[in-house]
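Just so it is clear, the structure is predicted and the values come from calculations on it, not from any experiment.
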Amino acid sequence: GISFLTITDNKGVTYARGNNVGKYGDDRSPDIFIKQGLKGQLTIGTEIISQEELVREGLLEKVRGADSPLSEGLIIKITAPIYDKFHSEVLGTITAGFLLNNDSSLVNKVANVAKCETVIYQGVSSITASIKKQGGETWIRTKVSSKVKEQVLIKGNNFYGRDKLGDVYYLTAFSSIRNYNREIIGALQIAILEGPFIIMKRETRNHMIFIYGVGLVFMVALMFFVTKGTIAPIRILIDGMSIVENGNLDFRTKIETKDEIGELAQAFNKMTEDLKKSRDEIKNYSRTLEQKVAERTRELKEAQAQLVQS
């Protein structure tokens, strides 16, 4: 599942977090993804997540792992705007992210689809890989060569060559990973076993391997795996907010996933239940307190509006 989920209001201030529920109220408006979301744009990309943000999202230990010196992480990030029921005004944003550090689940899935090994580097250091060492340990915390560093991480070129990973030789290709501002933040390595490739080349010299295309398939598939399990339940949650806004406080979302979105849905249902109880209490007030009832009703509507903005 996703590593974190964050909702902001229309000013970019955090309203709720799915992973670290006690952390909210911080200003996320300087974040370029949040800026684009508040403009009504869906934004997807790779970014470096700072140590401060890792702490806020409760992810720092996942980046550091057992022996990693890193204090920043590499994430795939998606931010979408939250609209009102007329789809005319942006009420806030919702951001989901998948932390790549020390998690080989996605690269393993993509490697099975693309039929090649993959390694992702944050800067010069590998942070996740589908390649296994002889003992079964994931091939991470290695560094790129000086040639790869110069061509890929400094100049932004693709690099093709022959590389020894463990005791086996691979034909490899490197491509830069860039953030939203087109700054180089890492590298993607695609690796194919050299032995079978040489045999295949001898049998049919007309066969061509488009490694760069495989890299593109990797990135598209990676985005697919992240967004497939995220967008649908988020849409259900947003629709539920609109229903509650229209006054149906008996509505409850039926998201039962065992992840941050599921926890957020439970929190939404609890808030809706609390709102219903408050409304029932207001209806029981004496008519002699009509002015106070009106004030309380107005507060309730404001609370409902804030809930929709989330």
Side-chain angles (χ1 to χ4, degrees), residues 3 44-51 53-54 59-77 97-133 137-194 211-223 225-226:
S3 301
I44 304 175
T46 50
E47 289 288 329
I48 293 293
I49 180 172
S50 68
Q51 179 175 350
E53 191 170 354
L54 284 169
L59 299 173
L60 184 59
E61 293 305 316
K62 290 185 178 181
V63 167
R64 289 180 171 173
D67 57 349
S68 172
L70 295 176
S71 59
E72 296 179 325
L74 183 63
I75 59 172
I76 296 175
K77 187 175 179 181
F98 182 87
L99 182 67
L100 295 171
N101 301 67
N102 301 310
D103 191 328
S104 60
S105 59
L106 283 180
V107 290
N108 286 338
K109 291 178 181 178
V110 175
N112 290 334
V113 172
K115 304 302 179 184
C116 63
E117 301 292 355
T118 57
V119 184
I120 296 179
Y121 295 84
Q122 179 181 327
V124 299
S125 300
S126 62
I127 57 172
T128 184
S130 61
I131 302 175
K132 304 292 184 181
K133 297 180 181 179
E137 183 181 354
T138 303
W139 190 269
I140 59 175
R141 293 194 249 293
T142 58
K143 295 184 181 298
V144 298
S145 66
S146 57
K147 289 183 179 180
V148 172
K149 179 180 179 181
E150 179 182 1
Q151 292 296 320
V152 180
L153 297 177
I154 297 177
K155 295 182 178 180
N157 299 326
N158 293 330
F159 181 88
Y160 306 93
R162 182 173 180 258
D163 198 3
K164 185 177 183 182
L165 301 176
D167 296 325
V168 182
Y169 281 97
Y170 288 83
L171 297 177
T172 67
F174 287 83
S175 181
S176 301
I177 296 176
R178 299 174 183 266
N179 63 12
Y180 182 87
N181 294 322
R182 303 300 299 163
E183 299 167 334
I184 299 174
I185 57 176
L188 167 67
Q189 180 184 17
I190 304 295
I192 299 176
L193 281 171
E194 183 183 51
I211 296 182
Y212 184 81
V214 174
L216 179 61
V217 170
F218 168 79
M219 293 305 294
V220 172
L222 198 58
M223 297 300 182
F225 283 123
V226 172

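Nearest approach of Ile120 to Ile177, heavy atoms of both residues: CG2-CD1, 3.9 Å. For the residue pair Leu99 and Val63, the shortest heavy atom distance occurs at CD2-CG2, 3.7 Å. Closest of all the heavy-atom pairs between Ser176 and Asn157 is OG-O, 4.3 Å. Across every non-hydrogen atom of Ser130 and Cys116, the tightest pair is OG-O, 4.4 Å. Scanning all heavy atoms of the two residues, the minimum distance from Ala187 to Leu153 falls at CB-CD2, 4.0 Å. When all heavy atoms of Leu59 and Ser3 are compared, the pair lying nearest together is CD2-O, 3.8 Å.
Taken to the nearest 0.5 Å, the CG atom of Asn101 stands 10.0 Å off from the CD atom of Glu72. Here the OG-CD1 distance, from Ser104 to Ile127, works out to 11.5 Å after rounding to the nearest 0.5 Å. Here the CZ atom belonging to Arg162 is positioned 8.0 Å from the CG atom belonging to Leu171, to the nearest 0.5 angstrom. In this structure, the separation between CG on Leu74 and CG on Leu100 is 5.0 Å, given to the nearest 0.5 Å. Note: Leu106 CG to Ile76 CD1 = 6.5 Å, rounded to the nearest 0.5 Å.
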Inset, instruction - Give the C-alpha distance, both sets of side-chain angles, the deciding distance and a yes or no for side-chain contact (heavy atoms from CB on, under 4.5 Å) between Ile48 and Gln122. - result: CA-CA 8 Å; Ile48 293 293; Gln122 179 181 327; 3.8 Å; yes
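Applying the side chain to side chain donor-acceptor pair (under 3.5 Å) test to Glu47 and every residue at least two apart in sequence or in another chain returns nothing. For the side chain to side chain donor-acceptor pair (under 3.5 Å) test, residues two or more places apart in sequence or in another chain that qualify with Ser105 are Asp103. Take Lys155 and apply the salt bridge (charged side-chain N to carboxylate O under 4.0 Å, His left out) test, not counting sequence neighbours, and it matches Glu150.
Within the structure, no pair that satisfies the salt bridge (charged side-chain N to carboxylate O under 4.0 Å, His left out) test touches residues 169-187, not counting sequence neighbours.
Side-chain contact between Val144 and Val152: absent, with no pair of heavy atoms (C-beta onward) separated by less than 4.5 Å. For the pair Lys62 and Asn102, the minimum side-chain heavy-atom distance is 4.5 Å or more. Thr118 has its side chain within reach of Ile190: a pair of non-hydrogen atoms, C-beta onward, lies under 4.5 Å apart.
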